[in-house]
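For reference, the structure discussed in these notes is given below.
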Amino acid sequence: MDKLKVLVVDDESRMRKLVKDFLVKNNYDVVEAEDGSVALDIFFEQKDIALIILDVMMPKMDGWEVCREVREYSKVPIIMLTAKTDERDELQGFQLGVDEYISKPFSPKILVARVEAILRRTNQANADEIMEAGGIQMNKAAHIVMIDNKAVDLSYKEFELLTYFMENRGIALSREKILNNVWNYDYFGDARTIDTHVKKLRSKMGEKGDLIKTIWGMGYKFEAE
């Protein structure tokens with residue numbers, strides 16, 4: 001079986017070496033990047049990155065920017081590393097789709113354990129990767145949506161939103177429930193975020209956008225045969 005490849009992104013060479021040594025010992029293939037710009041080049045050139053370990057504070061392009069860019073195209077698991085313990089940073093990370101958030105200094109053994117747990121969870125999720133409903137086919141692992149056999153280009157959050165709707169078809173979903181499940185944390189902001197994303201999603205789905213029904217005063221429901 002091929003080794004899973006992990007991209008380690010940190011401007012400190014000692015930190016990259018520390019993380020790489022522990023991952024290599026645990027049978028992972030590791031590629032390194034010293035800043036966010038290099039990380040994106042590697043990620044889009046090498047199509048087999050299984051997980052990204054990403055430092056927040058870096059020159060040229062910080063971790064948030066890298067995460068935002070990756071999430072436009074991929075659901076690859078991301079672990080963010082930070083020297084800060086600011087709750088707002090952590091919430092921002094989860095809003096952007098970060099899978100884990102680890103503060104420095106950390107135990108390399110714990111980091112490896114988190115990597116293994118996330119990849120195990122990801123592989124289990126990918127086992128049931130194809131969903132179909134109402135003429136919509138979704139490949140969760142490949143991040144591809146086909147409507148009547150034509151590919152539809154969705155952003156990361158639009159893809160997550162449609163996934164959640166299809167997984168819960170026929171069930172009325174409140175805005176709060178959608179926010180907590182799609183945005184991955186208790187969202188205390190304006191629930192109109194949901195309405196904006198649903199509007200964009202419906203527009204991209206064409207006639208199939210009508211499958212997402214508005215439940216006035218509550219939220220939405222996806223209905224398909």
Side-chain angles (χ1 to χ4, degrees), residues 52 64-78 80 87-101 118-225:
I52 301 174
W64 302 129
E65 293 177 85
V66 175
C67 182
R68 198 174 286 111
E69 187 74 19
V70 168
R71 279 288 173 262
E72 284 295 317
Y73 302 94
S74 172
K75 294 175 67 179
V76 64
I78 296 175
M80 295 290 276
E87 185 183 68
R88 287 173 300 178
D89 281 349
E90 191 166 346
L91 290 176
Q92 180 179 358
F94 288 130
Q95 185 178 20
L96 289 173
V98 171
D99 295 84
E100 282 280 3
Y101 196 95
I118 290 172
L119 289 173
R120 194 161 52 240
R121 193 165 71 225
T122 303
N123 289 336
Q124 288 171 350
N126 289 347
D128 185 25
E129 62 190 21
I130 305 293
M131 286 194 298
E132 289 188 68
I136 302 170
Q137 185 182 76
M138 172 177 284
N139 185 322
K140 292 191 284 184
H143 204 271
I144 293 172
V145 173
M146 304 285 288
I147 294 181
D148 294 332
N149 295 318
K150 293 182 180 179
V152 180
D153 185 25
L154 300 182
S155 71
Y156 175 75
K157 277 301 171 207
E158 290 162 356
F159 186 91
E160 290 284 283
L161 190 56
L162 182 56
T163 299
Y164 187 62
F165 281 144
M166 290 179 69
E167 288 175 342
N168 293 276
R169 62 180 177 267
I171 300 172
L173 302 166
S174 69
R175 286 176 176 81
E176 290 73 23
K177 194 167 186 179
I178 295 168
L179 284 165
N180 290 343
N181 282 274
V182 177
W183 272 256
N184 296 318
Y185 71 96
D186 292 326
Y187 187 87
F188 298 108
D190 193 337
R192 283 180 298 183
T193 298
I194 287 291
D195 300 334
T196 301
H197 280 79
V198 169
K199 184 178 179 180
K200 290 179 181 177
L201 178 58
R202 280 174 169 160
S203 175
K204 291 183 178 182
M205 291 171 66
E207 291 182 0
K208 297 296 183 182
D210 293 339
L211 296 175
I212 302 174
K213 311 292 185 185
T214 299
I215 310 295
W216 296 110
M218 180 192 177
Y220 298 93
K221 179 167 65 172
F222 180 85
E223 291 186 341
E225 296 298 323

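Values below: all heavy atoms of this structure, side chains included; hydrogens, waters and symmetry mates excluded. Remember, predicted model here, so these are calculated numbers, not experimental data. Index from 1, following the sequence.
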- Task: Kindly indicate, with the supporting measurements, whether the criterion side chain to side chain contact (heavy atoms under 4.5 Å, CB included) is fulfilled by Asp148 and Glu207.
- Result: CA-CA 11 Å; Asp148 294 332; Glu207 291 182 0; over 6 Å; no

- Task: Apply side chain to side chain contact (heavy atoms under 4.5 Å, CB included) to Leu173 and Phe165, showing your working.
- Result: CA-CA 8 Å; Leu173 302 166; Phe165 281 144; 3.8 Å; yes

- Lys157 and Val182: side chain to side chain contact (heavy atoms under 4.5 Å, CB included), yes or no, with the steps? CA-CA 8 Å; Lys157 277 301 171 207; Val182 177; 4.2 Å; yes

- Task: Take Phe222 and Glu167, measure what side chain to side chain contact (heavy atoms under 4.5 Å, CB included) needs, and give me the verdict at the end.
- Result: CA-CA 9 Å; Phe222 180 85; Glu167 288 175 342; over 6 Å; no

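Arg71 places no side-chain N or O within 3.5 Å of a backbone atom of Val66 that could act as its donor or acceptor partner. For the pair Ser203 (side chain) and Lys199 (backbone), a donor-acceptor distance under 3.5 Å is absent.
One finds the NZ atom of Lys177 at 13.0 Å from the CD1 atom of Ile194 (value rounded to the nearest 0.5 Å). Atom CZ in Arg202 sits 10.0 Å away from atom CG in Leu211 (nearest 0.5 Å). Put simply, CE on Met166 and CE on Met131 are 5.0 Å apart, with the number rounded to the nearest 0.5 Å. A distance of 12.0 Å separates CG in Leu201 from CD in Glu160, rounded to the nearest 0.5 Å. To the nearest 0.5 angstrom, Lys200 atom NZ is 12.0 Å from Leu154 atom CG. Atom SG of Cys67 sits about 10.5 Å away from atom CD of Glu72, to the nearest 0.5 Å.
Using a 4.5 Å heavy-atom threshold, the side chains of Phe159 and Met138 count as touching.
Residues forming a side chain to side chain donor-acceptor pair (under 3.5 Å) with Tyr164 (at least two apart in sequence, or on another chain): Asn181. Applying the side chain to side chain donor-acceptor pair (under 3.5 Å) test to Lys204 and every residue at least two apart in sequence or in another chain returns Glu158. In this structure, the side chain to side chain donor-acceptor pair (under 3.5 Å) partners of Asp195, at least two apart in sequence or on a different chain, are Arg175, Tyr220.
For the residue pair Ile178 and Leu161, the shortest heavy atom distance occurs at CG2-CD1, 3.5 Å.
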